[in-house]
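Everything on this sheet refers to the single structure shown next.
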Amino acid sequence: MRGGASIEHYLHAASALERDHMVREGFEPGSLDAFAHRFGRSGRSLAQLLGVAPATYDRRVREGKPLSQDDSDRVARLIDVERAATRVFGDEAAAREWLGAPIPALGGAIPIELLVTTPGHQAVMNALRRIMAGTAA
């Protein structure tokens, strides 16, 4: 499919299997711009933060091709972590603030920067679980 899946559609998907299909299809790079705005970034800068080479992002936008499955998976990790952080902190602004700040429980790392890898994603999710349980800040 030319263009790819919409991040907005991913945000409202009814099931994990539907989300899996969209990640495998790849996200449409243009839909990343609206999502990135939530973090005060452009789609290009958010993609770069998540490990997508700027030249790759630019080429995909220019050619109207979706992000790769791996790049889309990293975007999906951010979406899922943002949702979990919103549940923990009770509001999207507080969640995004936490995601962009150095966190002592993560060795001073910035959560959003850890989402490039699966172990980093797991560390962020574990930190959120500890906060929810009242065992970390």
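Here, residue 1 is the first one in the sequence, and each next residue gets the next number.
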Subject >> Min side-chain heavy-atom separation Leu46-Ile112 under 4.5 Å >> reply: yes
Subject >> Nearest heavy atoms of Pro66 and Gly4, plus distance in Å >> reply: CB-CA, 3.6 Å
Subject >> Distance in Å, Met22 CE paired with Ile7 CD1, rounded so as to fall on 0.5 Å steps >> reply: 10.5 Å
**OP:** Look only at the side chain of Tyr57 and the backbone of Pro29, and say whether a donor-acceptor pair between them is shorter than 3.5 Å.
**Re:** yes
**OP:** Treat each ILVMFWY residue as a node, draw an edge where side-chain heavy atoms are under 4.5 Å apart, and state whether Val61 and Leu50 are in one component.
**Re:** yes
Subject >> Close side-chain approach of Ser31 and Glu8, heavy atoms under 4.5 Å >> reply: no
Original post:
Is the shortest heavy-atom distance from the side chain of Glu82 to the side chain of Phe39 under 4.5 Å?
Top reply: yes
**OP:** Using the rule that two of Ile, Leu, Val, Met, Phe, Trp, Tyr join whenever any of their side-chain heavy atoms come within less than 4.5 Å, decide whether Val88 and Ile103 are in one cluster.
**Re:** yes
**OP:** Would you sort out whether Leu11 and Arg83 count as a side chain to side chain contact (heavy atoms under 4.5 Å, CB included), showing the intermediate values?
**Re:** CA-CA 10 Å; Leu11 290 168; Arg83 283 180 170 166; 3.8 Å; yes
Original post:
Crowded around Gln69 CD? As in, over 12 foreign heavy atoms under 6.0 Å?
Top reply: yes
Subject >> Partner residues of Gln48 under the side chain to side chain donor-acceptor pair (under 3.5 Å) criterion, sequence neighbours left out >> reply: none
**OP:** Starting at CG of Leu115, measure out to CD1 of Ile79 and round the result to the nearest 0.5 Å.
**Re:** 11.0 Å
Original post:
Counting distance only, does the side-chain N/O of Arg96 pair as donor-acceptor with the main-chain N or O of Arg38 below 3.5 Å?
Top reply: yes
Subject >> Interatomic distance, Arg74 atom CZ to Leu49 atom CG [nearest 0.5 angstrom] >> reply: 11.0 Å
Anything under 3.5 Å between a donor and an acceptor, one on a side chain of residues 13-21, the other on a protein residue two or more places apart or in another chain? List them.
unit_1	atom_1	unit_2	atom_2	d
Ser15	OG	Leu17	N	3.4
Ser15	OG	Glu18	N	3.0
Glu18	OE1	Ala14	N	3.0
Glu18	OE2	His9	NE2	3.0
Arg19	NH1	Ser15	O	3.4
Asp20	OD1	Arg24	NE	3.2
Asp20	OD2	Arg24	NE	2.7

Original post:
Are Val116 and Ile110 joined in one hydrophobic group, where the rule is that I, L, V, M, F, W and Y side chains link up if heavy atoms are under 4.5 Å apart?
Top reply: no
Original post:
So, for Ser45 and Arg41, which heavy atoms are closest and what is the spacing to 0.1 Å?
Top reply: OG-CB, 3.2 Å
Subject >> 4.5 Å side-chain heavy-atom contact, Ser68 and Arg60 >> reply: yes
Original post:
Which value, rounded to the nearest 0.5 Å, describes the distance between Thr118 atom OG1 and Met125 atom CE?
Top reply: 12.5 Å
**OP:** May I ask you to test the Phe89-Ile131 pair for a side-chain heavy-atom distance under 4.5 Å?
**Re:** yes
Original post:
Is the closest side-chain heavy-atom distance between Tyr10 and Val23 below 4.5 Å?
Top reply: yes
Subject >> Nearest atoms (heavy-atom pairs only) where Leu106 meets Pro111 >> reply: CD1-CG, 3.8 Å
Original post:
What's the spacing between Ser6 OG and Phe35 CZ if we round to 0.5 Å?
Top reply: 11.5 Å
Subject >> Atom pair CG (Leu67) and CD (Glu25), whose distance is rounded to the nearest 0.5 Å >> reply: 11.5 Å
